[in-house]
Amino acid sequence: MLLKILQQIKYNKMSFKSVNKIQELYKSGKKIVALTSYTVPFAIAADGICDIILVGDSLEMVLYGSQDTNSLEIETIIKHAKSVKQVTQNALVVCDVPFSYYEQSKEKAFANIARIIKQTGVDGIKVEGCEEIADTISFLTKRGIAVMGHIGLMPQRIRTIGSYKKVATSKEILLEQAKLLEESGVFSIVIENCNPDDARYITQNISIPTIGIGAGNDCSGQIAVFEDICGLTPKQPPFATKYTNILEQIKQVASSYAKDVRG
Ligand code: KIV
C-alpha cells in the first residue's frame with residue numbers, strides 16, 4: 001500500500017519538458033537562446049545555458065562533409081538525436097526531419113516523425129516549408145507533436161534556390177507564411193538568412209516566437225550552429241559570429257602530441 005502511494009506521488013510530480021517553457025520566455029519578453037548540437041560533448045556544453053537544442057540536419061554538412069543537407073538519412077539523425085537527448089537535462093531538444101521524410105503525405109510524415117520521437121525521446125521536431133506542408137503540420141500538431149517551422153532560406157531546397165544567399169521573398173509573403181504556420185499550430189518559427197527589417201516585421205505581427213539565424217537582432221530568439229561559432233567549421237556563413245577558433249587549438253594539440261611521440 002505504502003509503495004503504491006509513493007509511486008503515485010512520484011507519478012504526480014513527474015513533469016515533462018514542453019513548449020510551455022518557451023512560451024513563458026516569449027511572453028515574459030526574454031530572448032530565447034538556441035544552439036545546434038549533434039553530439040554528446042556539444043549537448044553537455046549547451047545544456048543549462050540554452051533554452052533549445054536543435055539536432056539540425058546541418059549535421060550532414062558539418063560532421064559528414066556533404067555538400068548539402070539532402071543526403072541525410074533518418075537513421076543517422078536518429079542516432080545523433082538519441083545521444084543528444086540522453087545527456088540533456090534542461091533544454092528542449094528539437095530534431096530536424098530530414099529532406100524526403102515529411103513531404104509525401106501527412107500519414108507518412110506522421111509515421112516517420114513518430115519513429116524519430118519514439119527512438120530518440122526528443123521533445124519536438126522541425127520542418128522546412130509553408131503552404132505545401134501546412135496540412136501535414138496541422139495533422140501533426142493536433143496529434144500532440146510539438147512542431148517548429150522554418151522559413152526564409154530553406155537549405156533543403158538548395159537545388160531550386162541555387163545558393164545559400166539572403167532570400168529575396170517580400171515581407172508580405174514571409175508574413176503570410178508565418179501566419180499560416182502559426183495557424184497550423186507550430187510553437188515557434190526559425191527565420192533563416194533574410195532581411196532584418198522583414199524578420200522584425202514578422203516578429204511584431206505574429207503571436208509565437210521567431211528564432212532568427214542571419215535575420216537580425218529583433219527576432220524573439222536566436223539560433224546558431226555551435227561548430228560555426230566555435231570556429232570549428234572550415235568556413236562559416238557570413239552571419240555567424242566566431243567566438244573562438246577551436247580548430248586551431250585542436251591542431252595545436254595534434255602538433256604537440258606528434259612532437260612528443262616523435263621526440
Ligand atoms: O540544420 C540546422 O542547423 C538548422 C539551423 C540553421 C536553424 O536548421
Side-chain angles (χ1 to χ4, degrees), residues 22 31-39 42-43 45-46 50-74 76-81 84 91-103 113 116 120 122-130 133 137 146-158 161 163-167 174 177-178 181 186-194 199 202-203 208-216 219-230 232-242:
I22 304 302
K31 291 275 184 187
I32 298 161
V33 181
L35 270 178
T36 64
S37 298
Y38 320 125
T39 56
F42 279 82
C50 293
D51 306 307
I52 299 175
I53 289 180
L54 172 73
V55 186
D57 60 353
S58 51
L59 75 83
E60 182 63 28
M61 297 168 79
V62 174
L63 297 188
Y64 295 102
S66 300
Q67 287 296 306
D68 56 52
T69 59
N70 290 4
S71 49
L72 177 64
E73 296 293 355
I74 198 165
T76 310
I77 201 146
I78 284 178
K79 193 145 195 175
H80 285 272
V84 165
L92 191 84
V93 179
V94 176
C95 180
D96 254 334
V97 186
F99 168 73
S100 83
Y101 288 95
Y102 60 96
E103 299 88 340
I113 290 163
I116 294 178
T120 66
V122 292
D123 309 302
I125 58 95
K126 176 166 82 58
V127 284
E128 293 178 13
C130 187
I133 54 162
I137 295 177
V147 179
M148 189 181 231
H150 185 146
I151 57 172
L153 174 70
M154 292 180 269
Q156 292 182 2
R157 308 206 177 168
I158 190 63
I161 57 177
S163 84
Y164 294 109
K165 64 176 192 277
K166 252 191 195 354
V167 292
L174 283 170
Q177 294 179 338
L181 288 179
V186 302
F187 70 93
S188 68
I189 305 175
V190 166
I191 305 180
E192 181 165 352
N193 210 7
C194 74
I202 297 163
T203 306
I208 52 170
T210 56
I211 313 289
I213 174 161
C219 290
S220 325
Q222 295 289 330
I223 184 156
V225 170
F226 209 169
E227 280 80 352
D228 279 344
I229 63 168
C230 288
L232 247 180
T233 39
K235 205 174 144 213
Q236 290 81 33
F239 50 76
T241 308
K242 203 162 128 183

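Whatever order the structure lists them in is the order used to number ligands and atoms, beginning at 1. Side chains are part of it too, since the values below use all heavy atoms of this structure and drop only hydrogens, waters and symmetry mates.
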Of all the heavy-atom pairs spanning H80 and T39, show the shortest one and how long it is. ND1-CG2, 4.3 Å

Roughly how far, to the nearest 0.5 Å, is OH of Y64 from OH of Y38? 11.5 Å

Among V97, V147, I74, side-chain contact (heavy atoms from CB on, under 4.5 Å) partner for I113: V97

Can you check whether D96 has an N/O within less than 3.5 Å of an N/O in ligand 1? yes

Hey, what do you get for CD1 (I223) to CD (E192), rounding to the nearest 0.5 Å? 9.5 Å

Any N or O on K126 sitting closer than 3.5 Å to an N or O of ligand 1? yes

So which heavy atom in the protein is nearest atom 5 (C) of ligand 1, and how far is it from that ligand atom? L54 CD2, 3.9 Å

Which ligand 1 atoms are under 4.0 Å away from a heavy-atom of I213? 6 (C)

Should the heavy atoms of other residues, nucleotides or ligands under 6.0 Å from NZ of K79 be counted, would the total exceed 12? no

List the closest protein heavy-atom neighbour of atom 3 (O) of ligand 1: residue, atom name, distance to the nearest 0.1 Å. S58 OG, 2.5 Å

I52 and M148: which non-hydrogen atoms are nearest, and at how many Å? CD1-CE, 3.9 Å

Tell me, please: is I211 in heavy-atom contact with ligand 1, that is, under 4.0 Å? no

List ligand 1 atoms under 4.0 Å from H150, heavy atoms only on the residue side. 8 (O)

Ignoring hydrogens, what is the shortest heavy-atom contact between F42 and C230? Give both atom names and the distance. CE2-SG, 4.2 Å

So, regarding D57 and ligand 1 (criterion: nitrogen or oxygen to nitrogen or oxygen, under 3.5 Å), is there a contact or not? yes

If we number the atoms of ligand 1 from 1 as shown, the ones under 4.0 Å from a heavy atom of T36 are 3 (O)

With the threshold set at under 4.0 angstrom, would you say E128 reaches ligand 1 through any of its heavy atoms? no

